[in-house]
Visitor: 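One structure, as structure tokens, below. Some questions next.
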Amino acid sequence: MPRDTLTPGQIVRTAVELLDDEGLEGLNMRSLGTRLGAAATAVYWHVKNKDDLVLLAADRVWQEIELPALDAADWRGAATAMADRLRTMLVRHPWLVQAIGSHLLYGTGKARYDDHLLGVFETAGFSAREADRAAGAVVTYVLGNALGASAMASLSRKLRRAGEDAEGRFEKTLAEAAKAAEGFPRLRARLDTSAATAAGYADAPDGTYAAGLRALLEGLRPDAVRGAG
């Protein structure tokens, strides 16, 4: 495809698809050009380098999050929706967690989300400083919970590229983890009764995310945040 028939939107959309399939390590101008049916040089006419491409792709996926209405009477419900929808987006695009740790990301998509999350708390009576702290706590919590899905996707790709059986490798690792826990009775009891499988290698116990988010939001209120630090 000639460079004059490519559009920035088409390039970024295809970059997101490539990142979803191959992760950060699989993104380069040549592989992107192949997906677009264009030479890598044609892509460079629209995007300077890989870092810029990651920046644009990241901002595009932030735009996917639907924002709830601001509601002073049910601000915890709105905050829960913001957290849940962020987590869903991060699990859908596991490379973004990696990118947050390795790239300087900004843009209107993330700004839109951050501004609305601040609005959730300010509508509930939090001061600007209190809202900053509360929003930071929620986003940090969600990022931590999305790390398992990101790690699983990255590990699976790494094993696949090395020609290994990813499922078999995870099953073996789970068995070795159970053996290592033999001297630790509380952990051993949980491993003995768990339904751990290769598919859930990096998963937390069922209900962990929801229980933690509920506890976090129940502990957030203007006077509590005001007294912190």
Side-chain angles (χ1 to χ4, degrees), residues 16-27 54 58 61 64-65 76-77 79-103 105 117 133-221 224-225 227-229:
V16 170
E17 294 170 357
L18 179 56
L19 284 162
D20 289 346
D21 291 341
E22 301 296 336
L24 284 178
E25 63 275 21
L27 177 66
V54 171
V61 299
E64 296 175 0
I65 302 174
R76 286 188 175 89
T80 297
M82 292 286 288
D84 289 348
R85 293 168 189 177
L86 173 58
R87 182 172 180 262
T88 296
M89 184 274 283
L90 291 171
V91 171
R92 185 164 58 244
H93 305 293
W95 54 269
L96 183 56
V97 176
Q98 289 179 278
I100 289 171
S102 59
H103 290 71
L105 302 179
L117 184 57
R133 289 175 170 175
V138 169
V139 171
T140 301
Y141 176 77
V142 175
L143 284 172
N145 274 272
L147 184 60
S150 177
M152 185 69 174
S154 180
L155 280 168
S156 296
R157 286 193 301 269
K158 180 179 178 180
L159 292 171
R160 186 180 72 241
R161 287 180 178 132
E164 294 192 46
D165 172 16
E167 184 173 351
R169 181 67 178 274
F170 288 134
E171 293 285 3
K172 180 180 178 182
T173 300
L174 287 169
E176 291 173 346
K179 185 176 180 180
E182 288 177 355
F184 305 93
R186 298 177 189 84
L187 180 59
R188 186 183 68 244
R190 285 161 176 76
L191 289 173
D192 288 345
T193 59
S194 71
T197 64
Y201 169 74
D203 289 351
D206 289 346
T208 297
Y209 164 78
L213 180 61
R214 184 169 58 251
L216 172 62
L217 292 176
E218 286 176 354
L220 286 177
R221 56 185 192 279
V225 179

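The shown structure was predicted, so the numbers you read here are calculated from the model rather than taken from an experiment.
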Visitor: Determine yes or no for a side-chain-to-main-chain donor-acceptor pair under 3.5 angstrom, with Arg92 supplying the side chain and Asp20 the backbone.
Guide: no

Visitor: Grab the two heavy atoms, one from Ala149 and one from Pro94, that are nearest each other, plus how far apart they are.
Guide: O-CB, 4.0 Å

Visitor: Quick check: closest heavy atoms across Leu216 and Val138, and the distance to 0.1 Å?
Guide: CD2-CA, 4.0 Å

Visitor: Would you confirm whether Arg76, through its side chain, and Leu217, through its main-chain N or O, come within 3.5 Å as a donor-acceptor pair?
Guide: yes

Visitor: If you take all heavy atoms of Tyr141 and Thr208, which pair is closest and at what distance?
Guide: OH-O, 3.4 Å

Visitor: Taking the side chain from Tyr209 and the backbone from Val142, do they hold a donor-acceptor pair closer than 3.5 Å?
Guide: no

Visitor: Indicate yes or no: at least one non-hydrogen side-chain atom of Asn145 is less than 4.5 angstrom from one of Arg87.
Guide: yes

Visitor: Which heavy-atom pair separates Ala58 from Leu96 by the least distance, and what is that distance?
Guide: CB-CD1, 3.6 Å

Visitor: To the closest 0.5 Å, what do you measure between CD (Gln98) and CG (Leu147)?
Guide: 9.5 Å

Visitor: Do you know the tightest heavy-atom contact between Val97 and Ala146?
Guide: CG2-CB, 4.1 Å

Visitor: Taking the side chain as every heavy atom from C-beta outward, state whether His93 and Leu19 have any pair of such atoms under 4.5 Å apart.
Guide: no

Visitor: Going from CG on Leu117 to CD1 on Ile65, what distance comes out if it is rounded to the nearest 0.5 angstrom?
Guide: 10.0 Å

Visitor: Return the minimal non-hydrogen interatomic distance between Met89 and Val61, and the atom names on each side.
Guide: CG-O, 3.5 Å

